[in-house]
Peer 1: 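There's a structure below that I have some questions on.
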Amino acid sequence: MLKIIFSSEDILRTRVASAADPVWELVLSLHLLQGRGREPLMLEWRRAVARALRTESGSEQFRLLFALNPPRGYFPDFLTPYASRDGFEAGLAAVRGTPIGMLRRDLTVLAEENSLPAPADALARGEPEVLRHLTDSMARYQALAVAPYWTRIQAAVEADRARRARAMLDGGPEGLLASLRPSMRWADGVLEVLDYPDTRELRLDGRGLLLVPSFFCARIPVALLDPTLPPVLVYPVDRLGGLAVSRDPDGDREALAALLGRTRAAVLAAADNGCTTGEVARRLDISAAAASQHASVLRNAGLLVSHRDRNTVLHTLTPLGRAVLDA
């Protein structure tokens with residue numbers, strides 16, 4: 001179990017990342033791709049990425065990247081720098097600029113449980129060409145395995161952010177932390193990450209905690225090993241149907257045609273900042289059943305995502321839904 005120890009200042013400084021983190025998604029997708037789990041929602045993505053990697057010319061370029069990211073256990077902290085919150089290129093630049101001491105420490109920890117290819121020795125010495133090779137392979141893998149699905153990844157992360165914003169509005173920072181159940185438990189200034197693979201404590205010491213919702217994060221949240229780095233906790237979001245691509249264009253056209261009408265446009269507008277079915281019904285002066293039916297049509301057309309939390313269902317816009325609303 002991981003115990004994260006908060007002071008009152010830490011509670012006030014805790015926040016949710018403003019968007020999906022492209023470097024964290026890349027790294028965690030590597031673990032998911034190589035893992036033994038066969039989640040039905042991710043099967044099509046696994047097959048598509050495996051095909052793309054097999055046909056990629058010069059696929060040897062990914063050898064070091066995969067070796068640094070085993071399907072289970074530790075992976076280097078330097079691969080997911082704090083700078084990645086500012087975007088993919090900023091994250092890659094931070095990886096290339098990793099101090100040699102951090103490279104040596106992280107790779108030593110990784111080598112205790114995994115065999116590493118020869119380029120890892122040069123990487124530990126901080127040789128610029130090897131760091132460049134690593135970030136080039138990260139960029140290429142991103143283009144093959146993550147970028148084609150980014151809209152859906154963003155939709156799932158945005159839906160989770162809406163849930164956390166609602167929890168923050170209702171209960172303040174402590175309400176936000178309490179909303180992270182069931183994989184985590186908040187009580188008396190301590191956030192316990194259940195089923196964590198090892199037992200340790202992380203004291204925030206006034207730095208606050210950055211919560212990073214992630215599409216590719218597996219069942220258990222992830223924290224950096226080095227307690228001196230800016231505290232980050234990456235946690236899984238609902239995948240909202242996975243990454244399967246619709247293969248029924250006629251069905252898509254029917255779903256989009258069903259969107260026409262003032263009431264559904266009003267439902268879409270009501271969901272701009274997240275809205276429950278009951279709130280939609282009250283705002284539009286319609287029955288709860290009608291609100292649910294309109295939300296279902298919008299969801300089937302890819303404009304809304306819905307998440308059930310106990311007895312309520314929260315509806316939020318997908319990126320496509322927001323584009324339609326803005327138009």
Side-chain angles (χ1 to χ4, degrees), residues 19-73 75 79-80 84 88 91-92 114-115 117 133-160 183 212-222 234-256 299-307 318-320:
D21 187 307
V23 177
W24 271 106
E25 296 294 355
L26 182 160
V27 168
L28 293 175
S29 77
L30 284 161
H31 306 166
L32 196 63
L33 182 66
Q34 300 175 86
R36 295 178 181 176
R38 291 294 180 265
E39 302 173 56
L41 293 180
M42 303 302 292
L43 280 178
E44 185 170 337
W45 172 81
R46 284 175 179 270
R47 291 167 181 160
V49 173
R51 285 195 300 269
L53 292 174
R54 282 196 300 269
T55 59
E56 178 74 4
S57 60
S59 57
E60 180 67 18
Q61 69 175 301
F62 299 115
R63 185 184 177 201
L64 178 60
L65 178 62
F66 275 86
L68 295 178
N69 289 280
R72 293 174 302 282
F75 61 95
L79 288 176
T80 51
S84 66
F88 188 58
L92 294 188
N114 302 273
S115 59
H133 167 80
L134 174 60
T135 56
D136 285 350
S137 66
M138 291 173 71
R140 184 56 188 153
Y141 175 85
Q142 168 86 359
L144 292 173
V146 180
Y149 309 94
W150 193 245
T151 296
R152 295 193 179 212
I153 292 167
Q154 283 182 307
V157 169
E158 280 300 315
D160 185 86
S183 60
V212 180
S214 169
F215 184 94
F216 284 109
C217 184
R219 184 177 59 88
I220 301 173
V222 179
V234 183
Y235 65 92
V237 303
D238 287 346
R239 294 195 177 117
L240 305 178
L243 297 179
V245 178
S246 173
R247 299 183 180 180
D248 182 8
D250 291 336
D252 289 345
R253 284 193 293 270
E254 290 176 6
L256 289 171
R299 183 171 58 252
N300 291 339
L303 303 186
L304 282 186
V305 292
S306 302
H307 184 275
T318 64
L320 177 59

Peer 1: Taking Gly302's backbone N and O only, do any of them form a donor-acceptor pair with Thr318's side chain (distance below 3.5 Å, no angle check)?
Peer 2: yes
Peer 1: When rounded to the nearest 0.5 angstrom, what distance separates OH in Tyr141 from CG in Leu33?
Peer 2: 5.0 Å
Peer 1: Could you check if a side-chain atom of Val23 sits within less than 4.5 angstrom of a side-chain atom of Phe88, using non-hydrogen atoms only?
Peer 2: yes
Peer 1: Heavy atoms, side chains only, cut-off 4.5 Å: are Cys217 and Trp24 in contact?
Peer 2: no
Peer 1: For Arg140 and Phe62, which heavy atoms make the closest approach, and how far apart are they?
Peer 2: CG-CZ, 3.7 Å
Peer 1: Is the centre of the Trp45 ring less than 6.0 Å from the centre of the Phe215 ring?
Peer 2: no
Peer 1: Hey, are the side chains of Pro236 and Ser214 touching, using non-hydrogen atoms and a 4.5 Å cut-off?
Peer 2: no
Peer 1: How far apart are the closest heavy atoms of Pro148 and Gln142, and which atoms are they?
Peer 2: CD-O, 4.2 Å
Peer 1: Of all the heavy-atom pairs spanning His133 and Gln61, show the shortest one and how long it is.
Peer 2: NE2-O, 3.3 Å
Peer 1: So does Leu30 get a backbone contact from the side chain of Gln34, meaning a donor-acceptor N/O pair under 3.5 Å?
Peer 2: yes
Peer 1: Does any non-hydrogen side-chain atom of Val222 lie less than 4.5 Å from one of Phe75?
Peer 2: yes
Peer 1: Assess the residue pair Leu68 and Leu134 against the criterion (side-chain contact (heavy atoms from CB on, under 4.5 Å)); give the C-alpha distance rounded to whole Å, side-chain angles, the decisive distance to 0.1 Å, and a yes or no.
Peer 2: CA-CA 10 Å; Leu68 295 178; Leu134 174 60; 3.8 Å; yes
Peer 1: Test your reading of the model: is there a side-chain donor-acceptor pair from Thr55 to the backbone of Arg51, 3.5 Å cut-off?
Peer 2: yes
Peer 1: If you measure from OG1 on Thr80 to CG on Asp21, what distance do you get to the nearest 0.5 Å?
Peer 2: 8.0 Å
Peer 1: Going by heavy atoms in the side chains, are Leu26 and Leu79 under 4.5 Å from each other?
Peer 2: no
Peer 1: When you measure from the side chain of His307 to the backbone N and O of Asp160, does any donor-acceptor pair fall under 3.5 Å?
Peer 2: no
Peer 1: Taking C-beta and beyond as the side chain, do Asp238 and Val305 meet within less than 4.5 Å on heavy atoms?
Peer 2: no
Peer 1: What I'd like to find out is whether the side chain of Leu32 reaches to under 4.5 Å of the side chain of Arg46, using heavy atoms alone.
Peer 2: yes
Peer 1: Distance check, rounded to the nearest 0.5 Å: Thr151 atom OG1 versus Glu158 atom CD?
Peer 2: 12.0 Å
Peer 1: Any side-chain to backbone donor/acceptor pair from Glu25 onto Phe216? Under 3.5 Å, distance only.
Peer 2: yes
